[in-house]
Each structure stands twice: as C-alpha cells, then as structure tokens.
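The block underneath contains the structure these notes are about, expressed in structure tokens.
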Amino acid sequence: AKQEGKNRYRFFAPEINAQASERLFMANSLRTALDRDELKLVFQPCMDLATLEVAGVEALVRWEHPQKGTILPSRFISLAEESGLIEPIGEWVLREAARRVREWKNAGIFAGRVAVNLSPRQFRRSDLASRLLAMLGEAGLAPRDLELEVTEGMIMEHPERAVVVLTELVAAGVSISIDDFGTGYSSLAYLKRFPVHSLKIDRSFVSGLPADRNDRSLTRAVVALAKSLGLAVVAEGVEHAEQADFLRRIGCDFAQGHYFSRPLDTATLGAFLREARTQ
Ligand code: C2E
Ligand code: CA
Ligand code: CA
Ligand code: CA
C-alpha cells in the first residue's frame, strides 16, 4: 500500500504542478500582453440564411504569444476574468473591433453590425453603457453598428441591474443577443422582461443536425420561441451544408460556422467581404 501511495503521488504531482505553474505563467504574461500588442482580433462572418449575404461579423480575441503561438480564449479569458485584466482587455476588444469596422465601412465593403462578447465582470460595471457609447463615438461608429453578446447567466446574476444597463444601451440603439442560448439559465421568463434582439443557438444543439431527433426538436423549438417573441435567431457552429439547409427550412434567420467561414484575421476578412455579397 505504501508503495502504491508513493507511485500515485509520483504519478499525479508533476501534472498538478505543471498545471499550476502554467496558470501562474499565463497570468503573469497576460499582464504584459496588452502593452506588448500581443492581442489580436479575428472576425467570423454571420450569414443571412435567406440571402446568403454577410449580415454581420463577430469579433473573437486571440493571444499571439511570442513563444507559445496562438492561444485561444478558452485558455485565458477565465484567468483574465479572475484577475480583473478582463476590464482593460474587454475595453481594447471594443475599441479595436470598432476601429476595424470603421475601416471596412470606409472602404465600402461592409454595412453590417459587429458583435462583441461581453464578460461577466464587464457587464457588472454600472458605467458600462456610458463608456461604451463614448467609445463608439470616438471610433466614429453609431450604436446601431454594435451588437453585444451576453449570456443568460450574466443577466440572471443580477436581473434588476441587467435590465437597467440593457435598457440604456438599447435606448441608444445597441443590439443585444443572448449567446449560447439554451445552455445556461433554465427559465425563459426573463426573455419577456429584457430588451433583447436575438438568440444565438449554441453549437451543442447544432452539431447533431440534421440527423439527431432531439437536436431537431430543440432547434425548432428555439426558432418558434424566438419568432413568437419577435426575436431574430442565429445558429452557431454550422459546419455542413445539411445543417445550413435544415436551419434555413425551419426559419432560422442567421448562421455562423466553419461551413461559411472560420474566424478570419482582418486582412483575410477584408478579402472575404470584397468577394461576398453584403447587405
Ligand atoms: P462564443 O462566443 O460562443 O464563440 C464561438 C466559438 O465557436 C468561437 O471560439 C469560434 O471560433 C467557434 N466556432 C465558430 N464556428 C465554429 C464551427 O463551425 N465549429 C466549431 N467547432 N467551432 C466554431 P473561440 O474564438 O475559441 O472563442 C471561444 C469563446 O471565448 C467564445 O465563445 C466567447 O465566449 C469567448 N470569447 C472570445 N472572444 C472574446 C472576447 O473578446 N471577450 C470575451 N469576454 N470573451 C470572448
Ligand atoms: Ca459569442
Ligand atoms: Ca456562442
Ligand atoms: Ca458557444
């Protein structure tokens, strides 16, 4: 038994240490990432399923680490959230997204909206709306050029505060969409209380389409729900023509996914927009 315990210790400990020191390393280098210009945005087109035009783009952050290469947000957003670094990072994302969209609009190749993901900590700030609107003004964008993606969890963390912030943003012309719809809060009652414009069906419900019976039922139900509430529906993670066909047939308005385009760096998106039909 003693032998076994020793082996177990030797088996697990290095892994745990490696994880902990990896997190520590990431936390420390994330602090300097912004100053060193290591963050980049990529943009994924959002397609109108009826016309196959580009309706908008979603900004997604990447960390181009000088040693480790491209680091995806799943590996650093939660770290940034815990440390508070998400505030300057989130602010940078908004400014940078606005700046790029201004360029594409100036070039006459894009007329849609840019969607930006908000983090829980950003959403908690009572001055979110005023800061955001000021930043849009500086970038030369109108509030209607911006869509904010929030999750059910972020709204339900403090519904009274959320309704105030969202109402202020929506009154100014910003659109709100519920990201990862169906994966979070289990009640739908909040939908009638909050000024939201669209639901984004999570990839986990799209991946089984069109073969999986449950995924077919769930996506149909979300589309019907959205329609009856007067909301637009976006499907994320569309990877195959059959998924796009099914979604279009059931009345889903918009879709994003590798089938249409992966998230693209700014230069490649510029080329994509020049080729694509835009609204
Ligand atoms: P999300 O908002 O649900 O973004 C969609 C994710 O799905 C993106 O991953 C995108 O690259 C990926 N994706 C898009 N189409 C497909 C597809 O057809 N198949 C598959 N398998 N994946 C697809 P990404 O860029 O790694 O971002 C992951 C998450 O990180 C995002 O999920 C979002 O919650 C968060 N995130 C990204 N950028 C930001 C940001 O600027 N701020 C904040 N707070 N969160 C961000
Ligand atoms: Ca999103
Ligand atoms: Ca999503
Ligand atoms: Ca998702």
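For this chain, numbers begin at 1 and follow the sequence in order. These numbers come from a predicted model, not from an experiment. Whatever order the structure lists them in is the order used to number ligands and atoms, beginning at 1.
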Quiz prompt | Nearest option to atom 6 (C) of ligand 1, as decided by whichever heavy atom of Glu236, Arg203, His240 sits closest | solution = Arg203

Quiz item: Which residue, Arg102, Met135, Arg113, forms the side chain to side chain contact (heavy atoms under 4.5 Å, CB included) with Leu141?
Solution: Arg102

Practice problem: Output yes when the distance from some N or O of ligand 1 to some N or O of Glu149 is under 3.5 Å, and no in every other case. | Solution: no

Quiz item: What atoms of ligand 1 come closer than 4.0 angstrom to any heavy atom of Val93?
Solution: 41 (O)

Exercise. Report, in ascending order of atom number, the atoms of ligand 1 lying under 4.0 Å from any heavy atom of Gly257.
Key: 15 (N), 18 (O)

Quiz item: Would you call Arg62 a ligand 1 contact, heavy-atom distance under 4.0 Å?
Solution: yes

Exercise. Report yes or no: does Ser74 have a heavy atom closer than 4.0 Å to ligand 1?
Key: no

Quiz item: Polar-atom distance check: Ile86 versus ligand 1, any N or O pair below 3.5 Å?
Solution: no

Quiz item: Applying the side chain to side chain contact (heavy atoms under 4.5 Å, CB included) test to Leu39, which of Val93, Leu34, Ile71 qualifies?
Solution: Leu34

Practice problem: Mark up the atoms of ligand 1 that fall under 4.0 Å of a heavy atom belonging to Glu239, in ascending order. | Solution: 17 (C), 18 (O), 19 (N), 20 (C), 21 (N)

Quiz prompt | Angle subtended at the Ca ion (ligand 2) by OD2 of Asp179 and OE2 of Glu58, nearest 10° | solution = 170°

Quiz item: Considering only heavy atoms of Pro263, which atoms of ligand 1 have at least one such atom less than 4.0 Å away?
Solution: 11 (O)

Exercise. List every atom of ligand 1 that sits less than 4.0 Å from any heavy atom of Val61, numbering the atoms from 1 in the order shown and giving each element.
Key: 38 (N), 39 (C), 40 (C), 41 (O)

Quiz item: So does Arg124 pair up with Glu157, basic N to acidic O under 4.0 Å?
Solution: yes

Quiz item: Got a donor-acceptor contact below 3.5 angstrom from the His197 side chain to the Ser177 backbone?
Solution: no

Exercise. Please check if the side chain of Ser217 supplies one atom and the backbone of Arg213 the other of a donor-acceptor pair under 3.5 Å.
Key: yes

Practice problem: Select one of side chain, backbone, both or neither to describe which atoms of Asp179 lie under 4.0 Å from any atom of ligand 1, heavy atoms only. | Solution: side chain

Quiz item: Can a donor-acceptor pair be found between the side chains of Asp265 and Thr268 at a distance below 3.5 Å?
Solution: yes

Quiz item: With the threshold set at 4.0 Å, does a side-chain nitrogen-carboxylate oxygen contact exist between Glu147 and Lys200?
Solution: no

Quiz item: Is the backbone N or O of Glu82 less than 3.5 Å from a side-chain atom of Arg121, with the two atoms forming a donor-acceptor pair by type?
Solution: yes

Quiz item: So, the side chain of Glu242 versus the backbone of Leu209: is there a donor-acceptor pair under 3.5 Å, distance only?
Solution: no

Quiz prompt | Metal-centred angle, OE1 of Glu236 through the Ca ion (ligand 3) to OD1 of Asp180, rounded to 10 degrees | solution = 130°

Quiz item: Relative to the heavy atoms of Gly237, which atoms of ligand 1 are at a distance of less than 4.0 Å?
Solution: 16 (C), 17 (C), 18 (O)

Quiz item: Closest N/O/S atom of Glu149 to the Ca ion (ligand 2), by atom name?
Solution: OE1

Quiz item: Would Gln256 count as a contact of ligand 1 if the rule is a heavy atom under 4.0 Å away?
Solution: no

Exercise. Examine ligand 1 and decide if any of its atoms is less than 4.0 Å from a heavy atom belonging to Arg262.
Key: no

Exercise. Check each atom of ligand 1 against the heavy atoms of Asp180 and keep those under 4.0 Å away; list them by number with element.
Key: 3 (O)

Practice problem: Could you pull out, from Ile71, Val206, Asn117, the option with a heavy atom nearest to atom 43 (C) of ligand 1? | Solution: Asn117

Practice problem: Applying side chain to side chain contact (heavy atoms under 4.5 Å, CB included) between Asp180 and each of Glu152, Glu236, Arg203, report the one that passes. | Solution: Glu236

Quiz item: Within the structure, does Gln44 bring an N/O atom to less than 3.5 angstrom of an N/O atom in ligand 1?
Solution: yes

Quiz item: With a 4.0 Å cut-off on heavy atoms, is Gly90 touching ligand 1?
Solution: no

Quiz item: Should Arg75 and Glu22 count as an ion pair when the cut-off is N to O under 4.0 Å?
Solution: yes

Exercise. Take Phe25 and His65 through the test ring-ring contact (aromatic ring centres under 6.0 Å, His included) and record every step on the way to the result.
Key: CA-CA 12 Å; Phe25 173 84; His65 194 279; 5.7 Å; yes

Quiz item: Which ligand 1 atoms are under 4.0 Å away from a heavy-atom of Ser119?
Solution: 44 (N)

Quiz item: Taking 4.0 angstrom as the limit, do Glu64 and Lys40 come out as a salt bridge?
Solution: no

